[in-house]
Amino acid sequence: MNIIRQEGLSMPVSQELINIILAELSKKPPVKPNIRAVTLLFKDINYSAENGGFHPVEIRLISRNDEWYFDYITDFKYMGTDPKLEKEIDISWSQRYVFLSYAGDLPPGEGRDIFALWQRNFVHYHFLNIYTLTVMWGS
């Protein structure tokens, strides 16, 4: 696996982000054969509603015909008066939408701009070793 494709939604996915995903997946190969999906959960273990920190990020890929495709990327943050983790940014290639918590669904141009900014930040935070990673393989 050295390519991750897009289908359903065209977003400016940087090679840096793809390289991060591929490098992390190569460290934790699947245990079971016939894997059809993988979810990567990047967490700042110190992130809390009280102290802030770096938002947890979930990236899901799906496999079809021996190729990997982006399914979604979701950035979570604590929200509300009784804080709980909720989606702040949700980009879904399979469902063809970009969602921003305070704005709702975004038109494609605005969604691409938000994603490009989010992506630069995520790549930088990963470079700083902010995250602990959990990989979940699914069949």
Side-chain angles (χ1 to χ4, degrees):
M1 171 166 90
N2 58 3
I3 295 176
I4 304 172
R5 300 190 184 282
Q6 297 185 61
E7 184 177 79
L9 187 64
S10 179
M11 298 301 283
V13 180
S14 72
Q15 191 60 50
E16 292 90 351
L17 178 59
I18 290 170
N19 290 345
I20 287 169
I21 294 168
L22 295 175
E24 294 295 355
L25 291 179
S26 71
K27 294 177 191 174
K28 302 175 186 301
V31 180
K32 303 182 273 183
N34 301 323
I35 298 299
R36 296 189 184 178
V38 60
T39 304
L40 298 95
L41 179 57
F42 295 86
K43 288 178 72 174
D44 167 8
I45 58 173
N46 297 312
Y47 178 60
S48 69
E50 298 79 25
N51 299 322
F54 299 88
H55 298 178
V57 172
E58 188 172 293
I59 300 175
R60 185 170 190 266
L61 305 173
I62 52 177
S63 175
R64 280 195 315 273
N65 301 322
D66 294 324
E67 293 184 316
W68 288 98
Y69 291 83
F70 282 99
D71 186 10
Y72 64 80
I73 295 177
T74 304
D75 181 294
F76 296 90
K77 83 174 212 178
Y78 283 106
M79 293 189 225
T81 54
D82 182 22
K84 59 183 173 186
L85 279 175
E86 295 184 26
K87 294 177 181 181
E88 181 179 42
I89 300 172
D90 190 27
I91 298 138
S92 174
W93 283 262
S94 60
Q95 300 299 312
R96 297 178 170 95
Y97 70 80
V98 177
F99 172 83
L100 191 57
S101 64
Y102 58 83
D105 290 331
L106 299 177
E110 288 179 38
R112 280 189 281 281
D113 292 344
I114 294 289
F115 180 60
L117 175 62
W118 173 89
Q119 190 173 192
R120 281 191 303 273
N121 290 335
F122 177 83
V123 167
H124 182 70
Y125 303 153
H126 187 272
F127 173 76
L128 296 174
N129 293 314
I130 298 297
Y131 299 113
T132 299
L133 178 67
T134 302
V135 177
M136 297 165 284
W137 299 92
S139 48

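In this chain, numbering begins with 1 at the start of the sequence shown. Worth saying up front: this structure is predicted, and the values here are computed from it rather than measured.
For the atom pair F99 CZ and I91 CD1, the distance stands at 11.5 Å (nearest 0.5 Å). Considering NE2 of H55 and CD1 of I130, their distance stands at 12.5 Å, rounded to 0.5 Å. Note: I89 CD1 to F115 CZ = 9.5 Å, rounded to the nearest 0.5 Å. Rounding to the nearest 0.5 angstrom, the gap separating the OG atom in S101 from the CD atom in E86 is 8.5 Å. In this structure, CG in L100 is found 13.0 Å from CH2 in W118, a value given to the nearest 0.5 Å. Taking CG from N46 and CG from N51, the interatomic distance works out to 8.5 Å, rounded to the nearest 0.5 Å.
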V13 and I4: CA distance, side-chain angles, deciding distance, side chain to side chain contact (heavy atoms under 4.5 Å, CB included) verdict: CA-CA 10 Å; V13 180; I4 304 172; over 6 Å; no
Intermediate values then yes/no, side chain to side chain contact (heavy atoms under 4.5 Å, CB included), D90 and Y97: CA-CA 8 Å; D90 190 27; Y97 70 80; 2.5 Å; yes
Stepwise side chain to side chain contact (heavy atoms under 4.5 Å, CB included) check, T39 with L41: CA-CA 6 Å; T39 304; L41 179 57; 5.5 Å; no
R120/V123 under side chain to side chain contact (heavy atoms under 4.5 Å, CB included): CA gap, chis, key distance, verdict: CA-CA 5 Å; R120 281 191 303 273; V123 167; over 6 Å; no
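Every ring-ring contact (aromatic ring centres under 6.0 Å, His included) that F70 has, sequence neighbours left out, goes to W93. Taking the ring-ring contact (aromatic ring centres under 6.0 Å, His included) definition, one finds that Y72 meets it with nothing, sequence neighbours left out. When the ring-ring contact (aromatic ring centres under 6.0 Å, His included) test is applied to Y78, the partners found at least two apart in sequence or on another chain are Y47.
Closest approach of P56 to K43, counting heavy atoms only: CB-CG, 4.2 Å. Across all their heavy atoms, L106 and I114 have their closest contact at CD1-CG1, 3.9 Å. Across all non-hydrogen atoms, the minimal contact from L9 to S92 is CD2-O, 3.4 Å. Of all heavy-atom pairs spanning Q6 and M11, the tightest one is OE1-N, 2.7 Å. When all heavy atoms of G111 and V98 are compared, the pair lying nearest together is CA-CG1, 3.7 Å.
Here Y69 sits in one hydrophobic cluster together with I62; the rule is ILVMFWY side chains under 4.5 Å apart, joined directly or through other members.
Pairs engaging residues 63-76 under the salt bridge (charged side-chain N to carboxylate O under 4.0 Å, His left out) rule: R5-E67, E7-R64, R60-D71 [sequence neighbours left out]. Pairs passing the salt bridge (charged side-chain N to carboxylate O under 4.0 Å, His left out) check and including a residue from residues 16-25, sequence neighbours excluded, read E24-K27.
Put simply, I18 and L133 are part of the same group of oily side chains (I, L, V, M, F, W, Y) that touch within less than 4.5 Å, one to the next. Under a hydrophobic clustering in which Ile, Leu, Val, Met, Phe, Trp and Tyr are joined whenever their side-chain heavy atoms come within less than 4.5 Å, directly or via other members, M136 and F76 fall into different clusters. Clustering ILVMFWY residues whenever any of their side-chain heavy atoms sit less than 4.5 angstrom apart, transitively, puts V57 in a cluster other than the one holding L117.
The neighbour count for I45 CD1, taken as heavy atoms of other residues, nucleotides or ligands under 6.0 Å away, does not exceed 12.
Remark: the backbone N or O of P12 is paired with a side-chain donor or acceptor of Q119 at under 3.5 angstrom.
Between Y125 and F42, the ring centre distance reaches or exceeds 6.0 Å.
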